[in-house]
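Take a look at the structure below.
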Protein chains: 2
Amino acid sequence: MRDPANNDERIEALRQALHARGLVLTPQRRAIFRAVLDIGEHPTADRVHAALRRRRIRVSRATVFRTLEALAGMGAITKACHPGSSVRYDGRTDRHHHLVCTRCDRIVDFSDAKLDALPVPDTAGFGFRVNELRVQLRGICEQCREQEEKA
Amino acid sequence: MRDPANNDERIEALRQALHARGLVLTPQRRAIFRAVLDIGEHPTADRVHAALRRRRIRVSRATVFRTLEALAGMGAITKACHPGSSVRYDGRTDRHHHLVCTRCDRIVDFSDAKLDALPVPDTAGFGFRVNELRVQLRGICEQCREQEEKA
DNA sequence: TTAAGTGCAAAAGCTTTGCGGGTAG
DNA sequence: CTACCCGCAAAGCTTTTGCACTTAA
């Protein structure tokens with residue numbers, strides 16, 4: 001997600017998606033969206049807010065929460081599944097998979113052609129309309145392992 | 001998780017796991033553990049606390065939070081990955097998979113032999129020690145779809 | 001005696017909501 | 001004018017922490 005040309009495309013797509021709903025791409029929305037794409041690491045709302053402040057972009061916390069929720073609602077970004085206690089947003093909307101550290105809740109993207117080719121299993125009877133299949137590899141990340149060794 | 005004989009086995013296993021760490025299976029810990037197993041639906045700490053109160057079992061909120069965290073830490077239960085904003089616990093520790101509703105954060109277990117047989121992809125270079133592979137099917141649950149149709 | 005365990009209440013962290021003022025069509 | 005939009009502050013959740021008291025080895 002550090003391809004600036006692609007980011008421009010996605011911002012343009014966002015503008016259109018907003019417009020289709022009678023909404024506007026404000027400077028705040030643009031900045032919040034860009035921040036999620038730039039940070040990459042499945043940030044929390046608070047992390048996005050902090051990143052914006054560091055860049056001297058003034059946006060209120062409430063607007064960050066509202067906007068991230070709205071962007072996720074219209075599919076411009078997604079919510080990442082995680083074992084922790086605050087919502088994590090994901091700039092990627094394409095099919096991909098996650099390594100999840102069960103110690104520190106870190107989430108790292110990875111891709112795997114075989115996994116991408118997996119057919120969605122039959123889950124009729126559960127009443128779900130399934131939109132996508134994602135694989136999670138749960139484990140312990142390098143940093144947590146190092147910390148563990150000290151103790 | 002509604003097999004009472006199995007629950008008894010698991011409580012006995014928990015007693016031993018605690019004992020191995022110099023800890024004790026107190027009435028509170030037993031009740032909290034049983035509640036997670038009985039509820040089944042990947043409850044939050046607060047949901048466990050409410051369930052216990054409904055059964056007239058008095059346990060403080062702090063103890064519920066502390067205990068669930070400890071049980072997860074020693075592997076007696078797990079944390080479920082979810083897109084929401086509060087920790088979800090899972091009584092199951094065996095390999096299984098989840099349907100996740102991206103609208104209401106409902107989590108439903110499902111099993112699939114083919115998925116269980118999936119080899120863990122090569123993720124050398126990420127520094128993770130991977131312990132398990134889980135598949136998530138993200139979508140919209142029946143209740144949310146019905147609600148959607150009304151609107 | 002000592003360490004573990006719990007409840008309570010306060011603190012801390014995360015998220016939503018209500019409202020007032022601003023702004024663009 | 002009328003929505004939309006944002007910031008602010010308050011309210012509402014969720015989770016952790018400090019402390020006092022109890023209990024069991």
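Here is the naming used below: chain letters follow the sequence lines, and residue numbers restart at 1 for every chain.
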When you measure from every atom of DNA chain D, which of residues 72-88 of chain A have a heavy atom less than 4.0 Å away? Ser85(A)

Could you tell me whether [X] and [Y] make a salt bridge, using a distance below 4.0 angstrom between a side-chain N and a carboxylate O?
X: Arg88(A); Y: Glu41(A); result: no
X: Arg145(B); Y: Glu148(B); result: no
X: Glu132(A); Y: Arg134(A); result: yes
X: Glu142(A); Y: Arg129(B); result: no

Reading nucleotides 2-9 of chain C 5' to 3', which nucleotides get B (base under 4.0 Å from a protein heavy atom), which S (sugar-phosphate only), which -? --SSBBBB

Quiz question: by atom type and distance under 3.5 Å, do the side chains of Gln143(A) and Gln147(A) form a donor-acceptor pair?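 Distance-only check fails for Gln143(A) and Gln147(A).
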
Any side-chain donor near an acceptor of the partner, His42(B) and Asp109(B), under 3.5 Å: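 A pair is found: one side chain offers a donor N or O, the other an acceptor, under 3.5 Å apart.
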
Could you check Asp90(A) against Arg92(A) for salt bridge (Lys or Arg N to Asp or Glu O under 4.0 Å), going step by step and ending with a plain yes or no? CA-CA 5 Å; Asp90(A) 189 340; Arg92(A) 291 183 62 174; 5.7 Å; no

In a check of side-chain contact (heavy atoms from CB on, under 4.5 Å) between Arg10(B) and each of Asp8(B), Asn6(B), Leu14(B), which one passes?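 With Arg10(B) as partner, side-chain contact (heavy atoms from CB on, under 4.5 Å) holds for just one option, Asn6(B).
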
If you measure from CG on Asp116(A) to CG on Asp94(A), what distance do you get to the nearest 0.5 Å? 8.5 Å

Find out whether Cys81(B) and Gln136(A) are in side-chain contact, i.e. whether some heavy atom of one side chain is under 4.5 Å from a heavy atom of the other. yes

Hey, where on DNA chain D does chain B first and last touch, going 5' to 3'? Cut-off is any atom under 4.0 Å from a heavy atom.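 The footprint of chain B covers dT14(D) to dG18(D).
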
